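Written below as structure tokens is the structure these notes are about.
Quantities reported herein were computed from a predicted structural model and do not represent experimental measurements. Side chains included, hydrogens not; waters and symmetry mates left out as well; all remaining heavy atoms used.
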There are 2 protein chains.
Amino acid sequence: MKQDLKKRYAAQAAVIKAMAHPTRLLILHSLKKKETCVCELRDLVGDDISTVSKHLLVLRRAGLVAARREGNWLHYRLTCPCVLDFAACVGGLKGKCV
Amino acid sequence: MKQDLKKRYAAQAAVIKAMAHPTRLLILHSLKKKETCVCELRDLVGDDISTVSKHLLVLRRAGLVAARREGNWLHYRLTCPCVLDFAACVGGLKGKCV
DNA sequence: GTTCTATTTTGCCAAATAGCCAAATAGATG
DNA sequence: CATCTATTTGGCTATTTGGCAAAATAGAAC
């Protein structure tokens with residue numbers, strides 16, 4: 001495998017991996033509608049808030065979300081809504097393809 | 001989180017997770033060009049053939065590839081080329097988005 | 001300063017993953 | 001039948017992940 005190719009696929013895989021969790025997909029879809037603070041996301045997801053925070057860290061590191069502070073709250077937002085078009089494509093994969 | 005929603009995101013995440021590895025992305029992109037046997041993929045990837053075989057199992061289970069036997073060889077093919085459009089979008093994520 | 005609230009970080013554990021090697025399998029061919 | 005070839009499976013180890021709970025942090029408000 002050529003080195004530059006290897007690097008490019010590693011970079012792509014890192015982003016895809018960040019999306020590869022049900023909770024994180026839920027968060028991404030929720031953020032598509034509007035900026036949301038962590039506690040609101042915790043209510044939506046239902047996990048411990050520290051767990052939600054870790055998922056947000058994963059998404060932040062991948063460059064998929066960013067945060068904006070407003071008083072005590074951190075408002076998270078999607079940086080690149082286009083990534084969710086993909087999830088829809090993937091949605092009903094089985095059965096549809098050859 | 002509503003149950004049906006949870007299930008849908010779990011199903012999507014399973015497919016995305018299958019794509020979330022540099023070697024598997026390489027394999028998928030290679031298969032986009034043409035059907036390929038395992039030994040050819042091993043040469044391309046450079047890992048042990050058993051490792052490549054396991055990656056193919058992951059992709060098969062996700063419904064992303066399928067195999068066709070011809071003599072001694074198994075020819076793998078992409079079942080749903082559309083999934084790769086996404087990888088391109090994800091490629092240069094950092095820097096491009098807000 | 002202290003206190004309160006939202007969020008992150010740390011520590012821990014169980015489960016999943018990726019890789020190699022060796023052994024097993026499936027089909028072709030002698 | 002035995003043998004060869006392509007591929008898969010099983011076993012092992014090292015590493016990563018996801019979850020909770022407790023402790024730490026950052027900023028607002030008193």
Short N/O separations, protein against nucleotides 26-30 of chain D, under 3.5 angstrom:
none

What's the spacing between [X] [atom1] and [Y] [atom2] if we round to 0.5 Å?
| X | Y | atom1 | atom2 | value |
| --- | --- | --- | --- | --- |
| Tyr9(A) | Ile27(B) | OH | CD1 | 11.0 Å |
| Asp48(B) | Lys54(B) | CG | NZ | 9.5 Å |
| Ser50(B) | Leu57(B) | OG | CG | 12.0 Å |
| Leu84(B) | Gln12(A) | CG | CD | 9.0 Å |
| Tyr76(A) | Arg60(A) | OH | CZ | 3.5 Å |

Listing, residues 63-70 of chain B side-chain donor-acceptor contacts under 3.5 Å, not counting sequence neighbours, or none:
residue: Arg68(B); atom: NE; partner: Glu35(B); partner atom: OE1; Å: 3.4
residue: Arg68(B); atom: NE; partner: Glu35(B); partner atom: OE2; Å: 3.2
residue: Arg68(B); atom: NH1; partner: Glu70(B); partner atom: OE1; Å: 2.7
residue: Arg68(B); atom: NH2; partner: Glu35(B); partner atom: OE1; Å: 2.5
residue: Arg68(B); atom: NH2; partner: Glu70(B); partner atom: OE1; Å: 3.3
residue: Arg69(B); atom: NH1; partner: Gly71(B); partner atom: O; Å: 3.3

Q.
Would you say that Thr36(A) contacts Leu44(A) through its side chain, given a criterion of any heavy-atom pair below 4.5 Å between the two side chains?
A.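 No, their side chains stay 4.5 Å or more apart.
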**Q.** Flag side-chain contact, heavy atom, 4.5 Å: Arg8(A) against His29(B)
**A.**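 The answer is no, as the side chains (C-beta and beyond) never meet within the 4.5 Å cut-off.
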Q: Using the salt bridge (Lys or Arg N to Asp or Glu O under 4.0 Å) rule, collect all pairs that involve residues 15-33 of chain A, keeping only residues at least two apart or in two chains.
A: Lys32(A)-Asp85(A)
Q: Apply the side chain to side chain contact (heavy atoms under 4.5 Å, CB included) test between Leu56(A) and each candidate in Leu41(A), Leu74(A), Thr51(A); give the one that qualifies.
A: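 Among Leu41(A), Leu74(A), Thr51(A), the one meeting side chain to side chain contact (heavy atoms under 4.5 Å, CB included) with Leu56(A) is Leu41(A).
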N/O-N/O pairs, protein side and nucleotides 14-21 of chain D side, under 3.5 Å:
residue: dT17(D); atom: OP1; partner: Lys17(A); partner atom: NZ; Å: 2.9
residue: dG18(D); atom: OP1; partner: Arg24(A); partner atom: NH2; Å: 3.4
residue: dG18(D); atom: OP2; partner: Arg24(A); partner atom: NH1; Å: 3.4
residue: dG19(D); atom: OP2; partner: His55(A); partner atom: NE2; Å: 2.6
residue: dG19(D); atom: O6; partner: Lys54(A); partner atom: NZ; Å: 2.8
residue: dC20(D); atom: OP2; partner: Asp48(A); partner atom: N; Å: 3.0
residue: dC20(D); atom: OP2; partner: Thr51(A); partner atom: OG1; Å: 3.0
residue: dC20(D); atom: N4; partner: Lys54(A); partner atom: NZ; Å: 3.1
residue: dA21(D); atom: N6; partner: Ser50(A); partner atom: OG; Å: 3.3

Q) Is it true that Leu5(B) and Leu28(A) fall in one hydrophobic cluster, defined by side-chain heavy atoms closer than 4.5 Å? A) yes
Q. If Ile, Leu, Val, Met, Phe, Trp and Tyr residues are connected whenever their side-chain heavy atoms lie under 4.5 Å apart, and connections chain through other members, are Val45(B) and Val58(B) in the same group?
A. no
Q: Considering only heavy atoms of chain A and a distance under 4.0 Å, specify the first and last nucleotide of DNA chain C in 5' to 3' order that meet this criterion.
A: dT5(C) to dG11(C)
Q.
Angle between the end axes of the helix from dG1(C)-dC30(D) to dG30(C)-dC1(D), five pairs per end, to the nearest 10 degrees?
A.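 It works out to 10° between the end axes.
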